[in-house]
There are 2 protein chains.
Amino acid sequence: MKSRITLKELARLLNVSVSTVSKALNDSPEISPKTIERVKELAALHNYRPNPTAVNLKSSKSGTIGVLIPNIANSFFAKVLSGMEERAQREGLQLMTYISNESYDREKQIAELLTSGYVDGVLIAIAEETQRKKEFEHIKNVLQYDIPVVLYDRIGFDMAVDKVGIDDHKVFYDATKELQEKGINRIGIATSIHHMGVGKARIDGYREALRENDTFYVANSAKMESLKEKILKMLLEDKVEAVLGSDFDSTMMAYRLAYENGIRIPEDLKIVGFIRGGLAKYLTPSVSYFDQFPDKLGEKAMEVLINRINKKNTGPVQKYIIDTKVVHLESTEFKK
Amino acid sequence: MKSRITLKELARLLNVSVSTVSKALNDSPEISPKTIERVKELAALHNYRPNPTAVNLKSSKSGTIGVLIPNIANSFFAKVLSGMEERAQREGLQLMTYISNESYDREKQIAELLTSGYVDGVLIAIAEETQRKKEFEHIKNVLQYDIPVVLYDRIGFDMAVDKVGIDDHKVFYDATKELQEKGINRIGIATSIHHMGVGKARIDGYREALRENDTFYVANSAKMESLKEKILKMLLEDKVEAVLGSDFDSTMMAYRLAYENGIRIPEDLKIVGFIRGGLAKYLTPSVSYFDQFPDKLGEKAMEVLINRINKKNTGPVQKYIIDTKVVHLESTEFKK
DNA sequence: CTGAAAGCGCTTACAG
DNA sequence: CTGAAAGCGCTTACAG
């Protein structure tokens, strides 16, 4: 049972003062090369590591970034976190993870913790319930404490902070246009996140892409039972020829309901959705998807935050858009 | 731009000493009720929060748990993390997240960080590469520093620590037996994790369940191309009637290859695998799966760790097994 | 009941 | 070039 050696102990062993040891370890020009060598040698021998808590107390920095995640079971966020972690690691920063589970109350508690001095900066994706309530005071409060904040993924909010996300409007706009160009007319959307910023932006993009005479087909519900009914109606009554899925559940539900009702993909129905590539390729048929490059998104968000913390970036807040890509698999094949 | 008020400042405003303020806020019996009230009132007014770094330095505790995750993109680990976070939250503990990406070198670095005083205890799932190398010194080193460690999920290692996981041997043993009882004889395994502890245990369970005359069919490779070939051979040449999938990729690959080769599920081939229920139900046909209750596993691991940290548990190290359940969906249906 | 002092493990301006 | 002192924001044994 070892315990970490301290500066004091090192000083005692070397018969010098604590200050000398500290300076030597930090390569201070005040200290003679010989002393520096002696000190470093012993420190290495004892595997000395400065106590981070003490260093933090002195510097009023924690070397830690807080990440607020709405739902880690969503593989998108898991990958975003992975990208953040990688970037943080290169910078020698630690990650403190907080999961709101899409709850407003929990998010409020977390926001309180975030201002308590645990972290030097914060990456936030705002919870669903918070978006419903339109209550953002607790988030803005974090800013009051001069703690740098970057919003990631869920960025459609009126707040004076840096934002890193994708252009949800454009993704659905482009996808709709592309289907139309290939001769598909009856295009529908399935979504369980229509009440959230990103969900709304996607619907808007779709609507804008439709032409004068086109009808909107939007199957939207956060309740799975009701979503199912609406998608069924869209498939069986409205007989849409393509479905854009705005999230995992709605995409997979459309896919599954087509199967249950003998609707052939891609012959009778094309599908593109927000699911991850690692899954999409295994589906039968494989399903075309929007690649959001979540790891890049996470990395970028972390980078923007770091530049704020370091004051490398002191300009006005900015919005950064990560490019998205449609990956076409079997579910959007056009057979000749 | 606010900044947190300190004890000192509070003391100045109240015209009392810092010690008095500190004691009052901690409800010390040394302090008069009247003073306590005055102090708390002002503290509330200024939304005082003790600086956690200072408290940590005094107490040599950090109120933080380190979680070492091999791969967060694996939804199993994402859910485990979610369970841990929930339990930690109830205890007022924070989570420091480290992702090894299955790399030995990165894990070693993290292990070093874990002994630097950032965390009061550690939850570890050992990286794949580490298991291959059979190099566990860096993990054991954490123990040397008297930091409580709990191994979760990947627990088949000879180390004197608490362990929380599932009984991988039994899961595949039972599943094999169950298929046999229903009259299935040619049962195969698909696995990309055969070189890891959990993967080995599953294979062993399967082997033990087979009878005298049964043949083993094991399609194993960590390389996707080679795994594909082996599964194909198992399906087409060995003509197995059932496949147990040991992980996401191997399960989905068997499922997909059956589709590509006109092998009907469940008529010609039954499938059960380690995939998550949220996905399994949407597949076409839906795929039977092993529910590992990852959130419970995470919760339990955190609980065991907390009890060690609090010294509520000072007994010998133990192994805790979380029950698993087979959820039967269409891929194992027996039509009459 | 209140306060001065010491100390947690560091860093750094200042003195020698 | 080295060291004593002050201080980061707390807690707590001790004195009064």
Side-chain angles (χ1 to χ4, degrees), chain A residues 2-40 42-43 46-64 92 113 115-120 145-146, chain B residues 2-40 42-43 46-64 92 113 115-120 145-146:
Chain A
K2 300 186 233 174
S3 79
R4 287 272 177 208
I5 194 169
T6 64
L7 275 194
K8 204 183 185 179
E9 186 67 6
L10 236 32
R12 197 183 57 77
L13 293 171
L14 289 160
N15 263 315
V16 293
S17 73
V18 169
S19 347
T20 302
V21 178
S22 172
K23 288 176 196 163
L25 291 172
N26 291 306
D27 284 311
S28 160
E30 288 183 54
I31 307 294
S32 74
K34 210 189 294 177
T35 307
I36 293 191
E37 201 191 323
R38 273 182 68 217
V39 171
K40 287 198 169 174
L42 193 74
H46 290 277
N47 196 18
Y48 170 79
R49 291 290 123 90
N51 178 325
T53 307
V55 176
N56 293 345
L57 184 58
K58 269 309 280 186
S59 65
S60 338
K61 285 217 164 196
S62 66
T64 299
L113 285 172
T115 60
S116 295
Y118 285 105
V119 299
D120 296 339
Y145 285 93
D146 206 28
Chain B
K2 300 186 233 172
S3 80
R4 287 272 177 207
I5 194 168
T6 64
L7 275 194
K8 202 180 182 180
E9 186 67 8
L10 236 32
R12 198 183 57 77
L13 293 172
L14 290 160
N15 262 315
V16 294
S17 73
V18 169
S19 346
T20 302
V21 178
S22 173
K23 288 176 195 164
L25 290 172
N26 291 306
D27 284 310
S28 161
E30 286 182 55
I31 306 295
S32 73
K34 209 188 294 175
T35 308
I36 293 190
E37 201 191 320
R38 272 182 69 217
V39 171
K40 287 197 169 177
L42 193 74
H46 289 276
N47 196 19
Y48 171 77
R49 290 289 123 90
N51 178 325
T53 307
V55 175
N56 293 345
L57 185 58
K58 269 310 280 184
S59 65
S60 337
K61 285 214 163 199
S62 66
T64 300
L113 284 172
T115 61
S116 295
Y118 285 106
V119 298
D120 295 338
Y145 285 93
D146 206 30

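Source: prediction; values computed, not measured. In what follows, chains carry the letters A, B, and so on, assigned in the order in which the sequence lines appear, proteins first and then strands, with residues in each chain numbered from 1.
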Rounded distance in Å between the P positions of D:dT2 and C:dG9: 25 Å

Footprint string (nucleotides 11-16 of chain C, 5' to 3'): B base within contact, S backbone only, - free, heavy atoms under 4.0 Å: BBBB--

Between C:dC10 (P) and A:Leu57 (CG): distance, integer Å: 12 Å

Residues which pass side chain to side chain donor-acceptor pair (under 3.5 Å) with B:Arg38, listed by chain and number, not counting sequence neighbours: none

Partner residues of A:Glu37 under the salt bridge (charged side-chain N to carboxylate O under 4.0 Å, His left out) criterion, sequence neighbours left out: none

No-hydrogen, no-angle side-chain donor-acceptor test under 3.5 Å, A:Ser22 and A:Ser19: no

B:Thr53 side chain reached by A:Tyr118 side chain, heavy atoms, under 4.5 Å: no

Touch class at under 4.0 angstrom, heavy-atom based, for A:Thr35 against every strand present: sugar-phosphate

Results of side chain to side chain donor-acceptor pair (under 3.5 Å) for A:Ser32 - residues two or more places apart only: A:Thr35

Intra- and interstrand pairs of DNA chain D - dot-bracket, Watson-Crick/G-U under 3.5 Å, | marks other strand: |||.||||||||.|||

Listed partners of A:Lys58 passing side-chain contact (heavy atoms from CB on, under 4.5 Å), at least two apart: none

Rounded interatomic separation in angstrom, taking CG from B:Leu25 and C1' from D:dC10: 11 Å

Protein-nucleotide distance (A:Lys61, atom NZ; D:dG9, atom P), rounded to Å: 16 Å

For A:Thr6, all residues meeting side-chain contact (heavy atoms from CB on, under 4.5 Å), sequence neighbours excluded: A:Lys8, A:Glu9

Nucleotide nearest B:Pro33 (side chain, heavy atoms from C-beta), chosen from D:dG3, D:dC10, C:dC1: C:dC1

Axial cation check for B:Tyr48 ring with B:Arg4, 6.0 Å and 45° limits: no

Sequence-distant partners of A:Ser62, side-chain contact (heavy atoms from CB on, under 4.5 Å), two or more places apart: A:Asn56, A:Thr64, A:Asp120

A:Leu42: partners by side-chain contact (heavy atoms from CB on, under 4.5 Å), with sequence neighbours left out: A:Leu10, A:Leu13, A:Leu14, A:Leu45, A:His46

Side-chain N,O (A:Thr6) to OP1/OP2 (C:dC8) below 4.0 Å: no

D:dC1 to C:dC10 separation - P atoms, rounded to the nearest Å: 25 Å

Of the listed nucleotides D:dT2, C:dA4, C:dG9, the one nearest the side chain of A:Ser32: D:dT2

Gap between atoms CG and P, on A:Asn56 and D:dG9 respectively (whole Å): 13 Å

Sugar-phosphate, base or nothing in reach of A:Ser59, heavy atoms under 4.0 Å: nothing

Rounded distance (Å) that lies between atom C1' of C:dC10 and atom CZ of A:Arg4: 15 Å

Salt bridge (charged side-chain N to carboxylate O under 4.0 Å, His left out) pairs, two or more places apart, involving residues 14-26 of chain A: A:Lys23-A:Glu30

Length of the CZ-P vector between A:Arg49 and C:dC10, whole Å: 12 Å

Touch class at under 4.0 angstrom, heavy-atom based, for B:Pro52 against every strand present: nothing

Proximity to DNA chain D (any heavy atom under 4.0 Å), residues of residues 8-15 of chain B only: B:Lys8

Contacts of type salt bridge (charged side-chain N to carboxylate O under 4.0 Å, His left out), residue B:Lys40, not counting sequence neighbours: B:Asp27

